[in-house]
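Contents: one structure, followed by commentary.
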Amino acid sequence: MAERTLSIIKPDGVEKGVIGKIVDRFESNGLKIAAMKMVHLSRKEAEGFYYVHRERPFFASLVDFMVSGPVVLMVLEGNNAIAKNRELMGATNPANADKGTIRKDFATDIERNTVHGSDSPESAAFEISHFFSATEIVN
Ligand code: IDP
Ligand code: MG
């Protein structure tokens, strides 16, 4: 089923200079870039994006990290894009991530884990609309 999902290359991924390598993983595995922009998130944007995690003990630190430098926001499109992106990303904690996944290869730790990917159709719809207007996404 053709689907869209939100991907973020987090500040550690931009800082490490692996934007191109990460985009290549997506394009080489059947995911098309339907929208893309580099931005430096405001605290308000980052807090709104991670609203579901607001009660978690790591929330404040996570928001600090996400506003610490620029990020690359992307809409990825393809068959089962949500699950496919999560598979390419690997586990949240890179120590537990499978070989060959983005987080295994590039992440620093459970917080600075290089990429974000939506985890359900509902979160994908919320997250895409949080950062992109309809006219910014190509068909
Ligand atoms: P996910 O990104 O794999 O979906 P979530 O549980 O949704 O993982 O957590 C969102 C983000 O919060 C993670 O990607 C990571 O950056 C950060 N995070 C998650 N768990 C921890 C933790 O235990 N300590 C610090 N940061 C965490
Ligand atoms: Mg998540």
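Start at 1 and go down the list; that is how both ligands and their atoms are numbered.
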Checklist entry - Which of the atoms of ligand 1 are close to Asn113, meaning less than 4.0 Å from one of its heavy atoms? => result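 Under 4.0 Å from Asn113, ligand 1 has these atoms: 13 (C), 14 (O), 15 (C), 16 (O).
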Tell me whether [X] has any N or O atom under 3.5 angstrom from an N or O of ligand 1.
| X | result |
| --- | --- |
| Thr92 | yes |
| Arg86 | yes |
| His116 | no |

Please classify the [X] to ligand 1 contact at 4.0 Å (heavy-atom distances, strictly less than): side chain, backbone, both or neither.
| X | value |
| --- | --- |
| Lys10 | side chain |
| Leu62 | side chain |
| His53 | side chain |

Next on the checklist: Quick check on the hydrophobic clustering: are Leu6 and Leu31 connected, directly or via other members, by side-chain heavy-atom contacts under 4.5 Å?
Outcome noted: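 No; tracing contacts between hydrophobic side chains, which count when under 4.5 Å, never links both residues.
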Checklist entry - His116 vs Tyr50 aromatic rings, parallel, tilted or perpendicular, using cut-offs 30° and 60°? => result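 It falls in the perpendicular class, over 60°.
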Next on the checklist: Parallel, tilted or perpendicular: which one describes the rings of Phe49 and Phe131, with boundaries at 30° and 60°?
Outcome noted: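 Judged by the thresholds at 30° and 60°, the geometry between Phe49 and Phe131 is tilted.
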Output side-chain donor-acceptor pairs under 3.5 Å for residues 79-90, partner residues at least two apart or in another chain, one line each.
{"from": "Arg86", "atom 1": "NH1", "to": "Gly117", "atom 2": "O", "distance (Å)": "2.9"}

Just to confirm my output: which protein heavy-atom neighbour is closest to [atom], and how far is it?
| atom | answer |
| --- | --- |
| atom 16 (O) of ligand 1 | Glu111 O, 2.8 Å |
| atom 15 (C) of ligand 1 | Ile110 O, 3.2 Å |
| atom 19 (C) of ligand 1 | Phe58 CZ, 3.5 Å |
| atom 2 (O) of ligand 1 | Arg103 NH2, 3.0 Å |

Checklist entry - So is Met66 close enough to ligand 1, meaning a heavy atom under 4.0 angstrom away? => result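 No, that is not the case, since the closest heavy atom of the residue is not under 4.0 Å from the ligand.
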Would you indicate whether the side-chain heavy atoms of [Y] and [X] approach each other to under 4.5 Å?
| X | Y | value |
| --- | --- | --- |
| Phe106 | Arg25 | yes |
| Lys104 | Asp98 | no |
| Met36 | Val23 | yes |

Next on the checklist: Walk me through whether Lys10 and Asn113 qualify under side-chain contact (heavy atoms from CB on, under 4.5 Å).
Outcome noted: CA-CA 8 Å; Lys10 296 182 180 185; Asn113 60 3; 2.8 Å; yes
